[in-house]
A.B. asks: 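First, the structure itself, so that you have it in front of you.
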Amino acid sequence: MKYDPQKIEPKWQAHWEKEFLFKAVEDPSREKYYLMEMFPYPSGKIHMGHVRNYTIGDVVARYKSMCGKSVLHPMGWDAFGMPAENAAIENNTHPEKWTYDNIKAMKTQLKRMGFSYDWDRELATCEPEYYRWEQLVFLKMYEKGLAYKKRTHVNWCEKCQSVLANEQVENGCCWRHTDNEVSIKEMDSWFLKITAYADEILEYCDKLPGWPERVLTMQKNWIGKSHGAVIRFPLVGSTDVIEVFTTRQDTLFGATFLCFAPEHPMVKEMVKGLPEEGKVLRFIEHTLKTETYLRTSDFTAKEGVFTGRYCVNPVTEEEIPIYVANFVLAEYGTGAIMAVPTHDQRDFEFAKEYGLPLRVVITPPDRLIREETMEEAYTDEGILVNSGPFNGQENLMALESIAEYLESKGMGRKTTNFRIRDWGISRQRYWGAPIPIIYCDGCGVVPVPAEDLPVVLPLDLDMRPNGGSPLPFEPSFYDTTCPQCGKKARRETDTMDTFMESSWYFDRYTCPDYDKGPLDIEKVDYWMPVDQYIGGIEHAILHLLYSRFYTRVLRDFGYLKVSEPFTNMLTQGMVCKETEECPEHGYLYPYEVLEGRCVKCGAEVITGNTVKMSKSKRNVVDPQDLIDRFGADTVRIFCLFASPPEKDLEWSDQGVEGSFRFLNRVWRLVVDNVEELTGVPVYKGEEALTRPLKSLHRKTHQTIKKVTRDIEDRFHFNTAISAVMELVNEVYQYLGSGDNGGDIGWRVVREAVESVVLLLSPVVPHVADELWSMLGHRQCLIQVSWPSYREDALEIENMLIVIQVNGKVRSKILVPASYSREDIQAEALADERVQRFVEGKTIKKVIVVPNKLVNVVV
RNA sequence: GCGAGAGUGGCGGAAUUGGUAGACGCGCUGGAUUUAGGAUCCAGUGGGGUAACCUGUAGGGGUUCGAGUCCCCUCUCUCGCACCA
C-alpha cells in the first residue's frame, strides 16, 4: 500500500470535523485545556505568511493538548474586513458595496482561505454584540477620563482619503500614490490614556519570564520612562510661562536659547502681528511636511527660525531668544526644549548655524574646554561650573538637588516623562466599531446612552470611489437626535482602531454567549491568562502593548481579575521573499514574472530586497500547488523543518521532496512490518536486552526526551524533527543489520515505531493518525497522551572523551562510564597520539571536564 | 535616524552553562537494484594537501587552557517606529 496523502487527508479531516473540530474541549481527567482552533489544516488557498502562522499555532495546540495544557493562538483577528477595505483602497475593486451579504461572503471566503472560523460560537470582531460591549467599555473609559478627544496634525493623502503613518510618507508623497503630495491636516481624534498605565506595564515587564527578552526590551524602550524636570521659562512681555521638559536640569545654567516644536500650540499665538510672523508660519508648514524621522535624523541639517520673542532663563535671569526648530517633537515632553549648545550635540549644531551664544557649565575632570574652540558638544560627566550655587558639584550628583532647588523657588518641578504617547483610536474607515459619541450644538459631546448600544455599521452602502469611509456621507447613519436635549445632532463618523478588538478578543472567547456584560468574570477567571500565545514578531510592540493596557482597564472596571493576558509568548519570525517590480505595472506576483520579465508588457523586472510577504508587495507564494502534489502533511513538516519559528525565513521550495521522502520512509516502516509489529506488545523495559536492542531502546527514550524538550522549552520543531529522523534511521539500521531478536526484538522495534508516530503527530496529524490506526489502535491521537521517557533507559555504558593538546583536538577515547576524573586523565595521557604531541615538552596543566574532554596544556 | 534582532558549507540549518564546528535534511558525486522512467538502498561530500597535517563560523581586535558562543570596534541584512493591522 502506497502513501497517498490525497486519500488519507480528506478521510481524517472529515473524522476530526465530526468529532472535534471547532469545539473547545474540557476534559476533567486533564488539568485544563482549551483550543481555539483544533486543526486548522492548510487547505484551500492560503496566504503564505499564514501557513507558517497557522502551522505553528496548530502544532503547538496539538502538542499541548496531548500534555493537557491550555493554548491559544490568535485566529487572524485582522482578517475580518480590514484586508478587504485595504484592497478597496488600493484597487478600487473589492467589494463594491458594504452589504451584509457581501460581508458574509467575505467571511465564507476567509474560511475557505484557511482561517478556521467558529460558526457556532459566532465571534468575529465585526459582530454587533461584540461592538456593544466594546462601546460600553469605551464609554466607561470616557466617563473615567481614560478616553478623550484632542486636536492633532496628521499626514493626509487626498487620493486615498486616508491618514498616513510617518513611514508611509515617501519623499513627501503617499506610498500608494507616489505623485501625490501629502498634506497636513488638523483633525479631532479620540485617544485612550495608555500613559496612565505606562508605569505599571513597564514594571510588569520584569515579571513575565515566559516572554522573549527582545520583545520586553522593545516594549521598555517604547514606553521610554525617564526622570527629569519641567522648568518654567517666563515669556518676556507677557504673563505666559513656557514649560520645558528636560532630563538634564544640571545644564540649566548653560541654556542660552529655547526651541519650540513647529506643532506647538503657543507658537502661532506668540508671533501674531510680529514682523517674523510670515517667516515662522512658512517654516512650520514646510517642516511639517518632512517625515518625522528625517526631521530628527543626525544627518539632517538642524533648521529653525527666530520667533522674535524672548523668555527668561529662571536661574541666570538672562533673556534668551525663542526659536522654532525642526528637530523638536511635539509629542515628546512638553513640545519645547531648553537648548544647551555646549552639552547637547543637536543644540550645538543649531547654535553654530544661527550664531547663538555658548556657555560651558560642565567641565571634564582632566582638561579645560572653552566655548570659542569647541567643535562638538561635551556630553560626558564632569564638574559644574558657571552654575551659581552648584559650582564644584559633580553634574550627575547635582541632578536631584537642582530639581529640588527649582521646586522650592517655584521655577519648576521634578517629573518623570514617558516616550509613549496616548493611543489614538479614531479611524476614518468603514471597518471598525463606531465610536459611540454624539455631537450636539447645544450640549456638546454626548455619549450614546448604554441602552442605545450597539451603534452598528449601516449596510448596503456604496464604496466611496476613492476608498474613503462612506460613513460621513451617509445621513441615515450620522443624523440623530441628542439624547440630552432631543434636538438634531450628529454622530461621530470615525470608527475605532481594530486594535481595540484584538486587545480583548481572547477574553471574550471564554464567554462568547454572555449577554449581561462584556465578560462573564467566572469563566474569564477560569481560563485567563492564556498559557501560550503565538503571534508574529511584527506585533512585538503595538498589539501586545495595547492588550496589556486593555487587560488592566478591564481589571480596574471589575470585568476580570488578571493583570497580564499572556503568560507565555512565542513570537514567530516572518516568511520573506524578494519583491519583483515592473516599471510599468508596479509590484508583480511571482506568476506574473517569466524569465525576469513582466508577463504583461515584457519589460525587465526589478528585483527588490527580501522583505516580509505581504499582499501589497505581492511577494507571496501560494502553497496550494505543493499541497496538491505532496499533501498538507508534507507542507507542514517542510515548513517546520526549515527553520526555528522565531527566525525569519526566506521562502524556497527546495527540499520539499526530502520531507515527502521522509514521510514515505515512516510509512513503509509501519506498512512493511505491520504484521510483526501488531503481533507483539510494546516493550516496557521488563526483560534484559542484547546490546543492539538496548541501544535502540536507549535511542527511543533519548528521542522522546529531546523532542519533548525541543517543543516544550523553545518550540524548535526543526531539531525535534531531525531527532525523529535519526531514530527512524536507527530503526532501519537495526532491521537491516540481520540481528534476529525474535519477539523481544519486535517489541523494542514497536516501541520505537510507536514513539515515532506519537512524536510526529502534532506535525503531521493526518499520516500519524492513519499509521496509529494501522498499528491496531482505536483511539484518535488527539486523545492519546504524549509519550514519556524513562531515566533508566538512558543510561550509557561507555562515554566518549575528547582529548585536546593546547586546545586542539588530537584524539578521542572510549572509556567506561564509571571512570573517575583521575582514571580519565591517566588514560588520556597514556594515549599514543597524545604522547606524540606531548613528546619533548613539559606538561603545564591538565584540564579535565567530567564526561566530556581532557585538555593538556604544554 | 532611533529601538530590536540576525550573519556558520553550494543551500535550509545544528551545536544546554564557553568544551569534537557543520547534527538532520536538500543538492551534488560514485555505486547497487530496475526492461526503462520513477522510486529505493549503500558510500562520499567545508576548503587546501598523496599523507602527516594546516585552515575555517561577516571583517578586525581582546579575554580564556579552550570562543560560533563572552567583551570592544566595523560592515551587511531584516523587523518595528505609533493611521497597514
Side-chain angles (χ1 to χ4, degrees), chain A residues 77-79 82-83 85-86 89-90 152 154-156 162-168 175-176 189 194 212-215 217-218 220-222 224 291-300 331 419-429 497-499 501-502 536-543 545-546 573-574 576 609-612 614-616 638 641-644 646-650 652 654-659 661-662 664-665 668 709 713 716 718-719 721-726 729 732 736 800-809 812 844-847 849 852-858:
Chain A
W77 40 262
D78 60 346
M82 280 318 287
E85 194 166 343
N86 280 335
I89 291 171
E90 274 156 32
T152 53
V154 292
N155 304 316
W156 179 263
S162 91
V163 178
L164 301 174
N166 279 326
E167 58 148 14
Q168 293 173 313
W175 68 341
R176 293 190 190 100
S189 296
I194 194 169
E213 200 52 49
R214 63 166 160 159
V215 172
T217 311
M218 279 195 257
K220 285 182 202 167
N221 290 336
W222 187 255
E291 290 114 273
T292 314
Y293 20 107
L294 289 182
R295 258 172 66 187
T296 54
S297 154
D298 278 357
F299 299 106
T300 308
E331 300 87 6
R419 202 189 74 98
I420 190 172
R421 306 201 298 263
D422 280 336
W423 172 15
I425 55 154
S426 292
R427 296 291 181 273
Q428 299 71 45
R429 294 273 209 169
D497 184 359
T498 52
F499 268 132
E501 277 90 67
S502 63
I537 183 70
E538 73 271 21
H539 290 303
I541 294 180
L542 295 183
H543 165 53
L545 211 52
Y546 292 151
M574 273 156 303
C576 301
N609 285 2
T610 301
V611 293
K612 76 167 168 179
S614 73
K615 278 159 284 180
S616 56
F638 169 65
F641 186 56
S643 79
E646 69 273 15
K647 222 183 136 171
D648 286 345
L649 172 74
E650 185 173 353
S652 145
Q654 278 203 358
V656 67
E657 282 169 48
S659 298
R661 261 204 294 271
F662 171 68
N664 269 292
R665 229 165 120 74
R668 287 198 311 271
R709 284 175 61 166
D713 298 350
H716 278 203
N718 56 335
T719 50
I721 293 165
S722 74
V724 178
M725 285 174 170
E726 282 182 51
N729 289 346
Y732 267 106
L800 186 70
I801 303 290
V802 171
I803 311 172
Q804 299 179 334
V805 178
N806 283 351
K808 287 191 174 170
V809 180
K812 294 165 195 178
K844 274 198 211 151
K845 206 162 154 194
V846 180
I847 291 152
V849 182
K852 262 192 188 150
L853 154 153
V854 177
N855 191 7
V856 183
V857 187
V858 296

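Residue numbers start from 1 in every chain, and the chains themselves are labelled A, B, ... in the order their sequence lines are given, proteins ahead of strands.
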A.B. asks: B:rA14 P sits how many Å from A:Glu646 CD, rounded?
C.D. replies: 8 Å
A.B. asks: Just to be sure I understand: a Watson-Crick pair is purine N1 to pyrimidine N3 plus N6-O4 or O6-N4, both under 3.5 Å. Using that and G-U wobbles, which stems of three or more pairs involve RNA chain B?
C.D. replies: B:1-7 with B:75-81, B:10-12 with B:24-26, B:27-32 with B:40-45, B:46-48 with B:53-55, B:58-62 with B:70-74
A.B. asks: Give the rounded distance in Å between these two atoms: CZ of A:Phe662 and P of B:rA23.
C.D. replies: 17 Å
A.B. asks: With nearest nucleotide decided by heavy atoms, which residue, A:Ile425 or A:Glu213, maps closer to the 5′ end of RNA chain B?
C.D. replies: A:Glu213
A.B. asks: Using a 4.0 Å heavy-atom cut-off across all strands, classify A:Ser659 as base, sugar-phosphate, or nothing.
C.D. replies: nothing
A.B. asks: For the residue pair A:Leu649 and A:Ala642, what are the closest heavy atoms and their distance?
C.D. replies: CD1-CB, 4.0 Å
A.B. asks: What integer number of Å spans the P atoms of B:rA14 and B:rA32?
C.D. replies: 37 Å
A.B. asks: What is the minimum heavy-atom distance between A:Val215 and A:Ala540, and which atoms define it?
C.D. replies: CG1-O, 3.6 Å
A.B. asks: Where the side chain of A:Ile420 is concerned, which of B:rA82, B:rU20, B:rA4 is the nearest nucleotide?
C.D. replies: B:rA82
A.B. asks: Quick one: is A:Arg427 getting a side-chain N or O under 4.0 Å of the B:rC83 phosphate, OP1 or OP2?
C.D. replies: yes
A.B. asks: Need one value for A:Arg661: base, sugar-phosphate or nothing, where a base atom within 4.0 Å counts as base even if backbone is also close, heavy atoms only.
C.D. replies: sugar-phosphate
A.B. asks: Using a heavy-atom cut-off of 4.0 Å across all strands, would you classify A:Lys808 as base, sugar-phosphate, or nothing?
C.D. replies: sugar-phosphate
A.B. asks: Taking all non-hydrogen atoms of both residues into account, name the closest pair between A:Asn855 and A:Gly807 and its distance.
C.D. replies: OD1-N, 3.1 Å
A.B. asks: For A:Val849, answer base if it contacts any base atom (sugar-phosphate contacts may also be present), sugar-phosphate if it contacts only those atoms, and nothing otherwise; contact means non-hydrogen atoms under 4.0 Å.
C.D. replies: base
A.B. asks: Nearest to the A:Arg419 side chain among B:rG25, B:rA82, B:rA14, which nucleotide is it?
C.D. replies: B:rA82
A.B. asks: How many whole angstroms separate atom CZ of A:Phe638 from atom P of B:rG27?
C.D. replies: 11 Å
A.B. asks: Check the distance between B:rG19's P and A:Ile803's CD1 and give it to me in whole angstrom.
C.D. replies: 19 Å
A.B. asks: Closest-nucleotide mapping onto RNA chain B: is A:Gly807 or A:His716 further toward the 5' terminus? I mean the 5' end.
C.D. replies: A:His716
A.B. asks: Using a distance-only criterion (donor-acceptor N/O pair, under 3.5 Å, no hydrogens), is the base of B:rU17 paired with the side chain of A:Lys852?
C.D. replies: yes
A.B. asks: Sticking with atom P, work out how far B:rU8 lies from B:rA58, rounded to a whole angstrom.
C.D. replies: 6 Å
A.B. asks: Going by a 90° cut-off around 0, is B:rG9 syn or anti?
C.D. replies: syn
A.B. asks: Taking the same atom, C1', in B:rG66 and in B:rA21, what whole-Å distance lies between them?
C.D. replies: 14 Å
A.B. asks: For the P atoms, the ones on B:rC11 and on B:rA43, what distance do you get once it is rounded to whole angstrom?
C.D. replies: 25 Å
A.B. asks: Which is true for A:Asn855 with a 4.0 Å heavy-atom rule: it touches a base, it touches only sugar-phosphate, or it touches nothing?
C.D. replies: base
A.B. asks: Can you tell me, in whole Å, how much space there is between the C1' of B:rC72 and that of B:rC26?
C.D. replies: 38 Å
A.B. asks: Among the candidates B:rC65, B:rG25, B:rG19, find the nucleotide nearest to the side-chain atoms of A:Gln804.
C.D. replies: B:rG19
A.B. asks: Side chain of A:Arg214 only, please: which of B:rG19, B:rG5, B:rC83 is the nearest?
C.D. replies: B:rG5
A.B. asks: Testing the basics here: between A:Asn718 and A:Phe641, what is the closest heavy-atom pair and its distance to 0.1 Å?
C.D. replies: CB-O, 3.4 Å
A.B. asks: When rounded to the nearest Å, what value does the distance between P atoms of B:rU16 and B:rU20 take?
C.D. replies: 10 Å
A.B. asks: Can you tell me if A:Arg665 touches the phosphate of B:rC41, counting only side-chain N or O atoms and a distance under 4.0 Å to OP1 or OP2?
C.D. replies: yes
A.B. asks: By nearest atom, which of the nucleotides B:rG3, B:rC65, B:rC24 is closest to the A:Met218 side chain?
C.D. replies: B:rG3
A.B. asks: Considering only side-chain heavy atoms of A:Thr719, which listed nucleotide, B:rG25, B:rA14, B:rU20, is closest?
C.D. replies: B:rA14
A.B. asks: I need the minimum non-hydrogen distance between A:Glu646 and A:His716, along with the two atoms involved.
C.D. replies: OE2-NE2, 2.9 Å
A.B. asks: Base, sugar-phosphate or nothing for A:Trp222? Non-hydrogen atoms, less than 4.0 Å.
C.D. replies: base
A.B. asks: What I'd like to find out is whether the side chain of A:Trp222 reaches to under 4.5 Å of the side chain of A:Leu542, using heavy atoms alone.
C.D. replies: yes
A.B. asks: Does the side chain of A:Phe499 come within less than 4.5 Å of A:Ile425's, by heavy atoms?
C.D. replies: no
A.B. asks: For the side chain of A:Asp497, starting at C-beta, report the closest nucleotide among B:rU40, B:rA4, B:rC83.
C.D. replies: B:rC83
A.B. asks: One pair to check against side-chain hydrogen bond (donor to acceptor under 3.5 Å, both in side chains): A:Asn729 and A:Arg665. What are the steps and the verdict?
C.D. replies: CA-CA 9 Å; A:Asn729 289 346; A:Arg665 229 165 120 74; 2.7 Å; yes
A.B. asks: How close or far is atom C1' of B:rC83 from atom CD of A:Glu501, stated in whole angstroms?
C.D. replies: 15 Å
A.B. asks: For a side-chain contact (heavy atoms from CB on, under 4.5 Å) check, start with the C-alpha distance between A:Val854 and A:Val846, then their side-chain angles and the critical distance, and finish with the verdict.
C.D. replies: CA-CA 7 Å; A:Val854 177; A:Val846 180; 3.8 Å; yes
A.B. asks: Can you tell me how far apart CG (A:Asn806) and NZ (A:Lys845) are? Round to the nearest 0.5 Å.
C.D. replies: 11.5 Å
A.B. asks: Pick the C1' atom in B:rG56 and in B:rG47, then give their distance to the nearest Å.
C.D. replies: 7 Å
A.B. asks: Using a heavy-atom cut-off of 4.0 Å across all strands, would you classify A:Val802 as base, sugar-phosphate, or nothing?
C.D. replies: base
A.B. asks: What nucleotide among B:rU20, B:rG13, B:rA4 has an atom nearest to a side-chain atom of A:Leu649?
C.D. replies: B:rG13
A.B. asks: What is the distance from NZ of A:Lys647 to C1' of B:rG7, rounded to the nearest Å?
C.D. replies: 8 Å
A.B. asks: Taking only the side-chain heavy atoms of A:Ser426 (C-beta and beyond), determine which of B:rA4, B:rG12, B:rC83 contains the nearest atom.
C.D. replies: B:rC83
A.B. asks: Testing the basics here: between A:Leu545 and A:Ile194, what is the closest heavy-atom pair and its distance to 0.1 Å?
C.D. replies: O-CD1, 4.4 Å
A.B. asks: Sticking with atom C1', work out how far B:rG12 lies from B:rA6, rounded to a whole angstrom.
C.D. replies: 15 Å
A.B. asks: Within the structure, does a side-chain N or O atom of A:Asn729 lie under 4.0 Å from either OP1 or OP2 of B:rG25?
C.D. replies: yes
A.B. asks: Heavy atoms only, 4.0 Å cut-off, all strands: where does A:Leu800 land among base, sugar-phosphate and nothing?
C.D. replies: base
A.B. asks: Nearest to the A:Met725 side chain among B:rC83, B:rU16, B:rC24, which nucleotide is it?
C.D. replies: B:rC24
A.B. asks: Once you round it to whole Å, what is the distance between C1' of B:rG3 and CG of A:Leu545?
C.D. replies: 14 Å
A.B. asks: Check the phosphate of B:rA14 against A:Asn718, side-chain N and O only, distance under 4.0 Å to OP1 or OP2. Yes or no?
C.D. replies: yes
A.B. asks: Report the distance from atom NE2 of A:His543 to atom C1' of B:rG80, rounded to the nearest whole Å.
C.D. replies: 15 Å
